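What you are looking at is a predicted structure, and each value in this text was computed from that prediction instead of being measured.
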Amino acid sequence: MAEVIVVGSRKAAGALVAEAIERLVAVQPDAVLGLATGDTPVPVYRALAERVRAGLDLSAVRGFALDEYVGIPVGHPQSYHSVIDAEVVVPLGLNPAAVHVPDGRSLGIETAGERYEAAILASGGIDLQILGIGTDGHIGFNEPGSSFASLTRVKTLTRQTREDNARFFDSVDEVPVHSITQGLGTILRARRLVLLAFGAAKAHAVAAAVEGPLTASVPASAIQLHPRATVVVDEEAASMLGELEYYRDAFENKPTWDPVIL
Ligand code: GLP
C-alpha cells in the first residue's frame, strides 16, 4: 500500500516533496515530472521556486500536466496551460518547450489523447507524478467510474467537480463540462506517485483511496496498485484514516537507508 506521511502544514509538505524532487534531479537533471494543478500542489511549486532562487537548476527538467479543460482557449487564465505556465514553468525556470499540457482545443480533440500518450512514451515516461485528489476521489480528471486501465482521453466532469472548481471561475456555469486527462493507466505507469491532500474536506476521499476497497468508484484507490506511492497529508486530511497510528510509527521508524519519497 501507499506510504502515508502526516505533516504539520502545507508548507512542510511542500518542503518534503521539493526535497525529493531536488534529489531526483541531482541524479537525473532531465527528469520527467507529472504536474498536477489545483491548490494542492502549490506548496510544492513554491518550495521548488525558493530552491531555484537559491541556485537549484531545473532548466533541463521536463514535464507533463495531468489534465486540461476542453473548450476554453489555451490563453484563458484558468486553462491549465496558463496555470502550469504561471505556477510552474516561469517560477521554476523550466524550458516551456519541454513542458506539455494535453491539447483541449476542439479541433483534433478526438486524437489529442493518443498524441499525449505518444509524447509521454517518447520522453521515456514520467519519473515522478504529483497528484492532488478531488473530494469525490478523482485524480487528474478521472471521475468515479474511470477504468484503472484508462489512458489519456476526454472525460465529462461531475457536477461536484464543477462546483468544487467554480471558485476559479465567475460561476459554476463557466466551468467547462469536459476535460482531457491522463488516465488511471497512464498515472500508474509513472515510476513514482506522490499524492498530496490538505484539509478536512479531503479526509473522506483520502481514507477511501488509501484504505478502502480497490474500486473504480474511487479512482484514487488505483494508487494501491502502485509499488512506489507516497501520500502526504496534513492532520485534517488524515483524520479519517483507520491506521493512522501505524503510519506515524512506520514513518518514525523508517530505516535510514530508505529515503523519504524517492
Ligand atoms: C481538480 C484537478 C485535479 C486536482 C483536484 C483537486 O479538478 N483536475 O488534478 O487534484 O481537482 O483540486 P484542489 O487541489 O484544488 O483541491
Side-chain angles (χ1 to χ4, degrees), residues 2-68 77-102 119-120 123-133 139-140 168 182 186-187 190-199 202 223 226 228-234 237 251 254 258-262:
E3 175 178 32
V4 178
I5 303 176
V6 185
V7 291
S9 66
R10 291 171 195 231
K11 199 169 177 197
L16 197 76
V17 180
E19 146 97 45
I21 292 172
E22 182 164 354
R23 265 186 282 119
L24 168 66
V25 172
V27 292
Q28 192 187 339
D30 68 345
V32 181
L33 300 180
L35 301 165
T37 45
D39 287 332
T40 306
V42 170
V44 176
Y45 303 143
R46 295 232 166 106
L48 279 173
E50 259 174 50
R51 285 163 192 254
V52 167
R53 284 195 292 274
L56 173 66
D57 180 8
L58 297 178
S59 60
V61 165
R62 296 166 292 160
F64 285 91
L66 258 180
D67 46 15
E68 174 59 294
Q78 291 308 326
S79 80
Y80 286 173
H81 268 93
S82 301
V83 172
I84 289 282
D85 209 42
E87 287 177 4
V88 184
V89 176
V90 173
L92 271 51
L94 306 191
N95 170 7
V99 178
H100 308 263
V101 180
I120 294 174
S123 77
I126 293 169
D127 293 299
L128 187 148
Q129 175 66 60
I130 300 166
L131 296 166
I133 185 169
I139 48 178
F168 297 113
Q182 286 187 33
T186 319
I187 291 167
R191 293 185 186 92
R192 225 340 167 174
L193 302 182
V194 180
L195 186 148
L196 299 110
F198 308 119
K202 300 290 176 74
I223 66 168
H226 199 288
R228 288 162 69 85
T230 306
V231 173
V232 183
V233 279
D234 64 5
F251 188 59
K254 199 171 166 73
D258 188 10
V260 177
I261 297 184
L262 280 180

Next on the checklist: With a 3.5 Å distance limit and no angle check, can you tell me whether Glu68 reaches the backbone of His81 through a side-chain donor-acceptor pair?
Outcome noted: yes
Item to check | Residues which pass side chain to side chain donor-acceptor pair (under 3.5 Å) with Ser59, listed by chain and number, not counting sequence neighbours | outcome: Asp57
Next on the checklist: Could you work out, with side-chain contact (heavy atoms from CB on, under 4.5 Å) as the rule, every residue matching Val89, not counting sequence neighbours?
Outcome noted: Ile84, Asp85, Leu94, Pro96, Val99
Next on the checklist: For Ser82 versus Pro77, what's the shortest heavy-atom pair and its separation?
Outcome noted: CB-O, 3.6 Å
Checklist entry - Are any non-hydrogen side-chain atoms of Val44 and Ile21 less than 4.5 angstrom apart? => result yes
Next on the checklist: Strictly distance-based, threshold 3.5 Å: is any side-chain N or O of Gln182 a donor or acceptor partner for the main-chain N or O of Asp67?
Outcome noted: no
Next on the checklist: Could you report the tightest heavy-atom contact between Leu196 and Ala13, atom names first, then the distance?
Outcome noted: CD2-CB, 4.0 Å
Checklist entry - Should Leu24 and Leu33 count as side-chain neighbours, where that means a heavy-atom distance under 4.5 Å? => result yes
Item to check | salt bridge (Lys or Arg N to Asp or Glu O under 4.0 Å) against Arg10, all qualifying residues, sequence neighbours excluded | outcome: none
Checklist entry - With sequence neighbours excluded, what pairs up with Ala47 under the side-chain contact (heavy atoms from CB on, under 4.5 Å) test? => result Ala18
Checklist outcome for this item: residues 16-28 vs side chain to side chain donor-acceptor pair (under 3.5 Å), sequence neighbours excluded, gives Glu19-Arg23, Glu22-Arg51, Gln28-Asp127
Item to check | Counterpart residues, side chain to side chain donor-acceptor pair (under 3.5 Å), relative to Thr186 (two or more places apart) | outcome: Glu117
Checklist outcome for this item: Sequence neighbours excluded, the answer for side chain to side chain donor-acceptor pair (under 3.5 Å) partners of Arg46 is none
Item to check | Nearest-0.5 Å distance, CG of residue Leu66 to CG of residue Leu35 | outcome: 8.0 Å
Item to check | Which atom of Ala36 lies closest to which atom of Leu131, heavy atoms considered | outcome: CB-CA, 4.1 Å
Checklist outcome for this item: Heavy atoms of Val52 and Leu92 approach each other most closely as CG2-O, 3.8 Å
Checklist outcome for this item: Lys254 meets the salt bridge (Lys or Arg N to Asp or Glu O under 4.0 Å) criterion, sequence neighbours left out, with Glu3, Asp258
Checklist entry - What distance do Glu87 atom CD and Leu48 atom CG have between them, rounded to the nearest 0.5 Å? => result 12.5 Å
Next on the checklist: My understanding is that only residues two or more places apart in sequence, or in another chain, count here; which of them pass side chain to side chain donor-acceptor pair (under 3.5 Å) with Gln129?
Outcome noted: none
Next on the checklist: Please list all pairs meeting ring pair (Phe, Tyr, Trp, His ring centres under 6.0 Å) that have one or both residues in residues 22-64, counting only residues at least two apart or in different chains.
Outcome noted: Phe64-His100, Phe64-Tyr116
Checklist outcome for this item: Taking every heavy atom of Ala197 against every heavy atom of Lys202, the minimum-distance pair comes out as CB-CB, 4.1 Å
Item to check | Student check: side-chain heavy atoms of Val32 and Ile120 closer than 4.5 Å | outcome: no
Next on the checklist: Distance check, rounded to the nearest 0.5 Å: Arg192 atom CZ versus Ile130 atom CD1?
Outcome noted: 13.0 Å
Item to check | Separation between CD1 of Ile223 and CD1 of Ile133, rounded to the nearest 0.5 Å | outcome: 7.0 Å
Item to check | All pairs passing salt bridge (Lys or Arg N to Asp or Glu O under 4.0 Å) where residues 27-39 contributes a residue, at least two apart | outcome: Asp30-Arg62, Asp39-Arg167
Item to check | Nearest-0.5 Å distance, CD1 of residue Ile5 to CG of residue Asp234 | outcome: 13.5 Å
